[in-house]
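Fair warning: this is a prediction, and the values are worked out from it, not measured in the lab.
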Number of protein chains: 2
Amino acid sequence: MSMGVDGGHRDTQADPHADAPAAAPRRATISDVAREAGTGKTSISRYLNGELSVLSPDLRARIEAAIERLDYRPNQMARGLKRGRNRLLGLLLADLANPYSVEVLQGVESACHALGYMPLICHAANEVDMERRYLQLLTTYRVEGVIVNALGVRESMLKPVGSGGIPAVLVDRTVDGLDADVVGLDNAAAVRLGVEHLLERGYDDLVFVVQPFEHVSSRREREAAFRHATQDAQHAKTVAHATQVLDLREEDAVAPALDALDAHLAQAAKRGARCALFAANAPVALRLALHLKARFGAQWPQHVGLIAIDDPEWAELAGITTIRQPTREIGYRAVEFLHERIEGAAPAARAAAFPGELVVRASTLG
Amino acid sequence: MSMGVDGGHRDTQADPHADAPAAAPRRATISDVAREAGTGKTSISRYLNGELSVLSPDLRARIEAAIERLDYRPNQMARGLKRGRNRLLGLLLADLANPYSVEVLQGVESACHALGYMPLICHAANEVDMERRYLQLLTTYRVEGVIVNALGVRESMLKPVGSGGIPAVLVDRTVDGLDADVVGLDNAAAVRLGVEHLLERGYDDLVFVVQPFEHVSSRREREAAFRHATQDAQHAKTVAHATQVLDLREEDAVAPALDALDAHLAQAAKRGARCALFAANAPVALRLALHLKARFGAQWPQHVGLIAIDDPEWAELAGITTIRQPTREIGYRAVEFLHERIEGAAPAARAAAFPGELVVRASTLG
DNA sequence: CTGTTAGCGCCTTCAA
DNA sequence: TTGAAGGCGCTAACAG
């Protein structure tokens with residue numbers, strides 16, 4: 001159950017009779033430093049915490065020297081235990097293989113540096129079960145707050161801060177029934193941007209392709225926005241639209257979905273319609289591009305349009321039009337929100353929705 | 001200097017006069033559980049550590065209930081402080097934007113789960129300075145060992161385990177003067193595999209493209225292996241070869257390097273030679289592919305061959321031949337090595353070199 | 001089988 | 001300006 005199964009660990013203690021070079025010289029503690037500097041632990045502690053003004057220059061110099069000589073590093077664990085805060089932030093990521101996550105992570109890290117936190121990164125690899133375990137583990141390490149970008153985290157795994165839970169902020173997706181800060185893309189605007197671009201380019205049969213979206217708010221929002229944008233009064237009569245679910249986690253379900261898509265494309269072609277696919281995110285886009293290439297050859301963009309939310313590094317190489325998210329900002333803001341709550345501010349749950357940016361490439365030349 | 005700048009943090013303590021719902025109900029401690037269960041802390045501790053056999057069924061049930069009722073989670077920090085081991089492993093990664101790192105990470109995680117460790121992931125974003133800071137930080141959190149895949153870590157930042165340093169294992173690259181375990185690709189064999197493939201396909205002018213390699217052992221090894229493979233007796237007279245450095249961190253240096261490459265390609269064409277580029281890793285390959293596409297259009301593989309070490313997800317889409325590394329195994333093995341050392345084994349430094357696998361695609365059709 | 005005691009390394013009153 | 005003492009949450013001898 002618990003991750004730390006440590007039964008059966010022989011506590012290999014240094015053999016006093018071994019002629020090895022100074023068997024495992026324990027790291028120096030604050031007491032060692034105090035002794036070395038000829039003073040009490042209190043002064044060392046003061047020094048460590050920057051209360052330099054209350055230390056005589058002499059003592060201060062001795063302490064400095066002692067620390068240097070012993071290569072002393074204060075033990076964060078002990079510090080944390082004592083003061084009740086360890087400067088650890090949990091970051092739960094559903095899928096690090098998705099470039100989006102890595103970019104958000106970069107923003108998170110940079111904010112952590114600025115604010116003095118150490119991010120504890122947990123990668124759930126798209127497994128709901130892992131998410132639960134990691135959340136427990138983070139709790140166990142007493143992180144001061146968590147940033148969550150998960151697939152199946154439930155409200156019950158993450159009690160709202162009011163009821164004794166850890167401060168939490170959600171990235172990209174909400175959790176049903178959980179009243180926490182959320183930061184992510186302005187999905188409605190981003191999708192609208194994409195749809196308008198496709199219409200401008202003359203596509204009149206749009207298919208939104210998305211992973212199962214019932215349980216992921218951002219997917220839900222994007223799908224809904226797609227329907228609204230295409231049903232919009234000014235287009236309603238001229239634009240065909242449909243949604244195709246593509247479950248990338250079920251390899252067996254992918255082929256049928258792609259077949260359905262092919263059928264749709266064939267029909268559209270017969271009608272003389274110009275068809276374009278709107279991928280809800282990068283993983284979907286990759287899968288679609290691979291399929292289209294296999295089916296139509298390298299010239300596939302002449303047959304079908306393709307646009308995607310997310311702008312992975314390979315989009316440029318593949319010539320795919322995208323809607324880029326300000327991922328780093330998203331990560332940065334998440335930490336800022338979290339920091340405020342950790343510091344005690346308790347405003348109502350906030351939501352930060354960042355705008356996406358259209359990057360036009362060859363896949364939507366029309 | 002230190003990351004944990006925490007001066008100026010108002011310790012916002014709960015206002016006892018606020019009518020808020022039960023101001024921040026502190027997490028239950030072992031004492032709380034003991035009281036709730038009507039027993040002493042020791043029994044609780046025993047329960048937590050799986051010494052169930054020495055507890056009367058009755059006590060055991062009461063403890064179980066108390067824990068449940070209080071939603072108690074043992075504090076890992078306190079545990080670690082006491083027993084001197086916190087089950088934390090540091091993982092220092094030079095660049096998470098490189099898919100290689102993410103894949104290695106997955107192997108690391110899966111091994112950590114199996115062995116009961118919690119990986120503390122640090123992302124240095126290709127900054128040597130970050131690497132140093134993170135290494136210090138890890139030290140400060142008393143991780144039991146570190147897995148290092150860094151750019152500029154020096155021996156001085158990572159004292160060998162014998163002299164009081166933390167157990168360390170290196171991934172993909174060694175550190176000068178540091179006698180630690182290393183796990184990575186069998187570079188010589190992988191490069192040979194690639195060169196032979198290119199020769200078979202009829203290329204007779206090979207250019208190895210690599211980031212600055214003086215300080216990164218794997219790049220050095222690959223470059224050397226390339227020279228050896230091409231100078232090999234049986235090819236020496238028929239194959240032209242060269243090495244081109246491409247420093248991706250210096251945007252200003254990229255264009256000149258690509259120009260040089262272009263010149264080389266032009267000359268080769270004039271001589272009627274069949275030219276192929278051998279990218280030392282995925283980031284280089286991406287950059288090259290982008291350039292070739294811009295220069296020769298989508299049909300670039302008809303002009304130049306391209307092969308790369310690493311097999312990122314976009315390689316399939318771009319149709320680039322690669323030599324795939326068993327990245328997950330690499331990460332897994334790294335943890336295993338580290339675990340053994342943490343457990344006290346002190347064998348001589350080992351090296352695990354895994355074989356690469358050739359994945360042929362359209363970029364080397366000849 | 002169960003509880004008491006003494007710290008792990010550090011911070012924090014409190015008194016000198 | 002300095003130091004001694006107590007305790008954060010937990011484990012590990014010792015007793016009973």
Side-chain angles (χ1 to χ4, degrees), chain A residues 2 4 6-7 9 11 13 26-63 66-67 70 72-87 139-142 144, chain B residues 2 4 6-7 9 11 13 26-63 66-67 70-88 139-142 144:
Chain A
S2 88
D6 51 16
H9 284 164
D11 263 26
Q13 51 211 80
R26 236 185 54 278
R27 275 212 92 78
T29 76
I30 201 174
S31 303
D32 298 329
V33 179
R35 200 178 324 111
E36 180 82 10
T39 176
K41 305 193 295 180
T42 313
S43 297
I44 312 297
S45 177
R46 294 216 174 90
Y47 177 89
L48 295 176
N49 291 296
E51 300 173 38
L52 303 172
S53 52
V54 310
L55 294 175
S56 69
D58 171 51
L59 216 204
R60 188 165 150 183
R62 272 153 51 211
I63 293 179
I67 287 181
L70 269 42
Y72 169 71
R73 313 277 172 80
N75 182 330
Q76 283 299 339
M77 299 301 172
R79 282 187 152 193
L81 184 57
K82 184 66 209 172
R83 352 167 101 161
R85 61 184 317 180
N86 53 198
R87 314 264 67 191
T139 272
T140 257
Y141 278 102
R142 297 295 189 268
E144 299 185 30
Chain B
S2 90
D6 51 17
H9 284 164
D11 263 24
Q13 50 212 82
R26 234 185 55 279
R27 273 213 93 80
T29 76
I30 202 175
S31 303
D32 298 331
V33 179
R35 198 178 323 112
E36 180 81 9
T39 177
K41 305 193 294 181
T42 312
S43 297
I44 312 297
S45 177
R46 293 216 175 91
Y47 177 88
L48 295 177
N49 291 296
E51 300 174 39
L52 304 171
S53 53
V54 306
L55 295 174
S56 69
D58 171 52
L59 217 205
R60 188 166 151 184
R62 271 151 53 210
I63 293 180
I67 287 181
L70 269 42
D71 187 30
Y72 168 72
R73 311 279 174 81
N75 182 330
Q76 283 298 340
M77 299 302 173
R79 282 186 151 190
L81 185 58
K82 181 67 208 176
R83 6 164 92 161
R85 60 183 318 179
N86 54 200
R87 314 266 67 191
L88 251 27
T139 270
T140 257
Y141 277 102
R142 296 296 188 272
E144 297 184 33

Nucleotide [N], atom [atom2] - distance to [atom1] of [X] in whole Å:
| X | N | atom1 | atom2 | answer |
| --- | --- | --- | --- | --- |
| B:Asp32 | D:dC8 | CG | C1' | 13 Å |
| A:Arg62 | D:dT1 | CZ | P | 15 Å |
| A:Leu81 | C:dC8 | CG | C1' | 9 Å |
| B:Leu70 | D:dG9 | CG | C1' | 14 Å |
| A:Arg73 | C:dC10 | CZ | C1' | 17 Å |
| A:Gln76 | C:dC11 | CD | P | 9 Å |
| A:Asn75 | C:dG7 | CG | P | 19 Å |
| B:Met77 | D:dT11 | CE | C1' | 17 Å |

Sequence neighbours excluded, which residues qualify as salt bridge (charged side-chain N to carboxylate O under 4.0 Å, His left out) partners of [X]?
| X | result |
| --- | --- |
| A:Arg46 | A:Glu51 |
| A:Arg142 | none |
| B:Glu144 | B:Arg85, B:Arg87 |

**Report entry** Under 3.5 Å: donor-acceptor pair, side chain of A:Arg73, backbone of B:Tyr141
**Finding:** no
Query raised in the report: If you look at every strand shown and take non-hydrogen atoms under 4.0 Å, does A:Tyr47 touch a base, only sugar-phosphate, or nothing?
Result: nothing
Query raised in the report: What nucleic acid atoms does B:Ile44 come within less than 4.0 Å of, heavy atoms only: base, sugar-phosphate, or nothing?
Result: nothing
Query - B:Ser43 side chain near C:dG3 phosphate (N/O to OP1/OP2, under 4.0 Å) - result: yes
Requested in this report: Using only side-chain N and O atoms of A:Arg79, determine if any of them is under 4.0 Å from OP1 or OP2 of C:dC11.
Outcome: yes
Give me, pair by pair, the N or O atoms of the protein and of nucleotides 12-16 of chain D that are less than 3.5 Å apart, along with how far apart they are.
| residue | atom | partner | partner atom | Å |
| --- | --- | --- | --- | --- |
| D:dA12 | N6 | B:Thr42 | OG1 | 3.2 |

**Report entry** Along DNA chain C (nearest heavy atom to each residue), the more 5'-positioned of B:Ser53 and A:Ile30
**Finding:** B:Ser53
Report summary line: Between B:Thr39 and A:Leu48, whichever has its closest DNA chain C nucleotide further toward 5' is B:Thr39
Report task. Name all residues meeting the side-chain hydrogen bond (donor to acceptor under 3.5 Å, both in side chains) criterion together with A:Arg62; count only those two or more places apart in sequence or in a different chain, and write none if there are none. Result -> A:Asp58
Query raised in the report: In chain order, what residues pass the side-chain hydrogen bond (donor to acceptor under 3.5 Å, both in side chains) check against B:Thr140, with sequence neighbours excluded?
Result: none
Report summary line: Between the NZ atom in B:Lys41 and the CG atom in B:Asp32, the distance rounded to the nearest 0.5 Å is 11.0 Å
